[in-house]
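Input: a single structure, listed below in structure tokens.
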Amino acid sequence: MRLFLVVLTGLLLLSPGYSLAGERETVVFADEQFAPFTYGKLGGLAVGGKTLDMLKEVFSRLDMNVELKLMPWPRAMKSAQYGRVDGLPLLSINEPRSEFLVFTEAILESRCIFYFRKRDTFSFGKNGLPKLQNARIGLVKEYNYGRDIEGPARRLGHTLVYSLNSEAGFRKLVNDRVDVVLDIEVVAQGVFAKNPLWSSFISAAGQPYSELAWHMGISTFSPLVSRLDDINEVLREMRGDGTLEKVFMSGRER
Amino acid sequence: MINLGFGKNISLALTRNTVLVALSLSLVFGLVVMVNDFPEKQASVRAEITRVVNAVRWPAAEAVYSLDSILVEKSVKGLTEDLRIDSVTVIDDFDTVQFSFSRSRSKGPPQWLVPMFSDLGQMKIQLYNPRNSQELVGVLLVGLDDSYIAGEYLSDFKNRIFRGFVVDLLLALILMLFFHFALTRPLLGMTRELSMIDPNSSEQARLTVPVGHEKDELGQSITAVNRLLSRVEYVMERRRQAEQTYLDMFQSAPIGLFKGRMSDGRVLDLNDQLAKMYGFSSREEFLTAAFRPKECMVDPELRDRFMELAGSEGGVSNFEAEFVRADGSKFWGRLSGRRAAGSDIIDGILEDITARRLAEERYRIMSENAPVGIAQISAEGRYLYANQHLARMYGYASPEELMREITDIQHQLIDDYPDYHEMVEKLNKEDSVSNVEYAIIKKDGSRLWTSRNVRAVRDLSGEISYYDAFVVDISDRKAVEEELVKARDAAEAASVTKGRFLANMSHEIRTPLNGVLGMLQLTRDTDLGQEQREYVETALSAGKSLLNVLNDILDYSRVEAGKMELLSERFSPAEMIQTVSAAFAEQVKSGKVKLNIELDPSLPEKVVGDSGRIRQVLFNLVGNAFKFTPVGTITIMAWGDHKDENSLRQRLLICVSDTGIGIPDEMVANIFESFTQVDSSLTKRHGGSGLGLGIVKSLVILMGGSLSMDTREGVGTNIFLSLPVGITSDVQVKKPEEVNGVDLQAVGLNVLLAEDNPVNRLAVKRFLEKLGHRVVEAPTGKAALAEMKEKRFDCVLMDIQMPEMDGMEATRAIRSGDSGVCSPDVPIVALTAYAMKGDGDRFVEAGMDFYLPKPVELDELIRVLNNAVAAGGETL
């Protein structure tokens, strides 16, 4: 019996899911590379950015360490789906994501807006879609735009052109490879901050196509699921003490 | 124009062969290369596809990392366009298929080839995060279409073969043109020229060597053809000449030649000789007369026989028959003919043998009447022909009976002729033997001696056909010869008897003569008056003369018997001449005859020869000169003749010249014959046996010399003697027997004298005693042995012929050591009247050391005793 207890204790100590007494547990999140939310090399760990600051603050309050891996957004989604990471720091909720993620309370509010070249003049309909025939609409793969865009766009005969990230989508717009780009406002602002000249060529629609909230998604395979209430509690604290606003600055959502 | 027929055009044929060879080689080499390149091809395909895959590897990894299937598709699209790849699949690290492509396998290549490339299989490439090489982000699976690759490989091989074929075709075209201009066209030209040559033309036909082909094979071929043409022209010319010669010979042949038809016996062609044989003046007359020669054969049976033989395969040869001419006269002909195979034509020869037939008849009659036996005998020894004389000679009634009964001459006829086979062998080798004599057995069993000449007669192939033999009866001559043989045998027996008689007579005369001379010598040394001394001296001289006669008789006997042998010893010719002249000192003292010696400086100091016999010759010649020179001068001249310095021989020349009575011319020829003297009156006047000069001549001939004479009756005689002698420096000279110890006077010896004759014993005893020796006498050999057992002697004088035990037996007993004598090694001197040749050898064989012939001379006795004592009995 005594021997059994010793072996069991040893196995528990060797297991990666548990840390030695006094050592903080590390959780791993994945996100795409886009300033000012994340800074760092793709494929590596984020070294700065609002998202990382937010995560560090949340999990430090939970006495945990956190790492943020930078990877293409689809891979980040897939990694969370397969449990290779503990979660995704900021994303909106939709049905497919709900199958492998559990979401915290909302952290940020954001809008999805159509962007177009300033020289082009056209209006948007009640459905929020541009009044164009056979328009080429640029989208980012695996982005959640809050409401269905593909079905209405195809019905209207528009062509959907996907890019890997927002910057790529805006480059297509500048180069006349798409007619409009639907993107998340917070992300677009980051792109314009990186490419200031594009701002003089590109205009944003007056009305958002959709509005949505960003949550922290925890992989259903992650032990963090059990800490969901703790995380929500911390988020509430951070919102209450103004830490959250301080991190993201107000009005900027994804 | 180029002839496109392959079989008719060398250039096309050469081109075709070249191309076929090239194609075959291309195919073979292609197969070899294909097999050889296969592993390399496999490796290169793998390398190429690996290179293509690697080109998309990082873009694909980037796309997979981004999980962007569109980008993945774009990145690997290049692979899908490669027909060697039949499937492409990209799976991300979440096991999601990002891209998948496949197409059906190619079906072109043979199925046996495809498995050879199945090893290439599927390629699996790990895709890593381009920014983190440790992070596996997906897998790229590339399936290879082995069927397509095999087809590509086969296609490549086909292309290679096809290219080779195209090159070969081009090469063939070039070769065809080259061969046409270089070979076919000149050959066609040569053929055209050849076809224009008229073989019957007497003009020289030569082919032209095309320009530029003077030294190549074509030029050499045309040159060879020209040589052949030249040879053909030569042969044709020879043939024309031969035909002409044949025609000439046909017409001018001394025998009849014809060509005829067997079926009707008609002559198709003939020469003039045949026409004349049948009584026609010419060939043309014969042919126009429609003459049937075969009907002219007198004997119809012979005619049918001839036709049968002529039609046979071997034809007929030498068929003899009698023919009838056109005018009815007859002639004998010998006909030969042969029908050409499968033809009715016969070629034949007819020879008029009428003359030969007549001659044969004459010969037959001559043979039948010949006084000698004549026969023809087969090679097997059987009679083919025998004449009447031979049959009678052998005791048969007729030749037919002889030939019928004698079928094996060697075994039935010849009586013990051991050299028969040798005679036959010689006959077969030399084709004839002459005067072969042997006895035959006649029909009645009696022997008949015959002599025969036999000649072998051969056929054209060289084999013996038969023998011609001519036999003579020599029975009478053989009888005479047998009588002669008997007479000769009797003479030889008489000669042996004579020799034995001479030996006995020599012994019997010497024995008493020994006593006479010994006593006379002893008497001479006693105190005698002048008159008595003259008597003794005269008696001694007469005795010595008698001894000389005896020696002459013995020498003559030896010469006649051929038993005279010559010694080879070194001597001085001058001393020898001086010795001879000294022997005639008594005659010179008389003062009536003067003896001069003239020695030429050329006379050699020493020569090699038989000095004793030369001295004997000279002694006889000088003695003869004294005999026939009552008053006058005798001169002995001598000189040498050595012209050739390289020769080991020289000639000793001696001339005995006298101023005597000379010799009549009619006697000169016989003067050197035995028993011959100048005349009987002289014989009576001068005495002599008549043997002297005969012996001289015999000795000179025996020595290889010559003797000649120049004489004139009443003036004198010159006798020239020429003798070959050896040169001393180079000839091994027989040592003289004497020991140079004559000066050593042996005295006081104990001498045993074994002698049965009391007179001789007394004479010798007295000699020895006078010399100071002590003598013990023994009348027999047995007594001598008894004495020697009692006493030691220094020397034994042993007579040969004694009673009880002769000297030979006694000597053997002494030498054997078993007789008990005191001194078996004592010197023994043979003292004997046996003075014949060979006696000395017998004495030595018996063990004797010296030899002293009777009659004994005192000086000789002293010499022998001294030698015996000095030499210790070493030599005889």
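Chain naming here is simple, since letters A, B, ... match the order of the sequence lines and numbering starts at 1 in each.
No part of A/M77 comes within reach of chain B, as not one of its non-hydrogen atoms sits under 4.5 angstrom from that chain. Both the backbone and the side chain of A/K78 come within less than 4.5 Å of a heavy atom of chain B. When heavy atoms are compared at a cutoff of 4.5 Å, B/N129 approaches chain A solely by way of its side chain, counted from C-beta outward. Contacts of A/L164 with chain B are made by side-chain atoms alone, with heavy-atom separations under 4.5 Å and no backbone atom involved.
The number of heavy-atom neighbours closer than 6.0 Å to CD1 of B/I70, taken from other residues, nucleotides and ligands shown, is 12 or below. Counted within 6.0 Å of NZ on A/K172, heavy atoms from surrounding residues, nucleotides or ligands total more than 12; the atom is thus considered enclosed. Summarising the local packing, CD of A/Q133 is surrounded by 12 or fewer heavy atoms from other residues, nucleotides or ligands at distances under 6.0 Å. Residue-environment remark: CZ (A/R177) stays at or below the threshold of 12 foreign heavy atoms within 6.0 Å. Residue A/F201 qualifies as open at atom CZ: its count of foreign heavy atoms under 6.0 Å is 12 or below.
Ranking A/Q81, A/K41, A/R84 against chain B, the residue ahead of the rest is A/R84, based on heavy-atom pairs under 4.5 Å.
Residue B/E135 holds its CD atom at 6.5 Å from CE of A/M71, rounded to the nearest 0.5 Å.
When all heavy atoms are compared, the tightest approach of A/Y82 to B/T96 is OH-OG1, 4.2 Å. Among all heavy-atom pairs drawn from B/F94 and A/S79, the shortest one is CZ-OG, 3.8 Å.
Between the side chain of A/K141 and the main chain of B/S66, no donor-acceptor pair closer than 3.5 Å is present.
Taking 4.0 Å as the cut-off between side-chain N and carboxylate O, B/D93 and A/R75 count as a salt-bridged pair.
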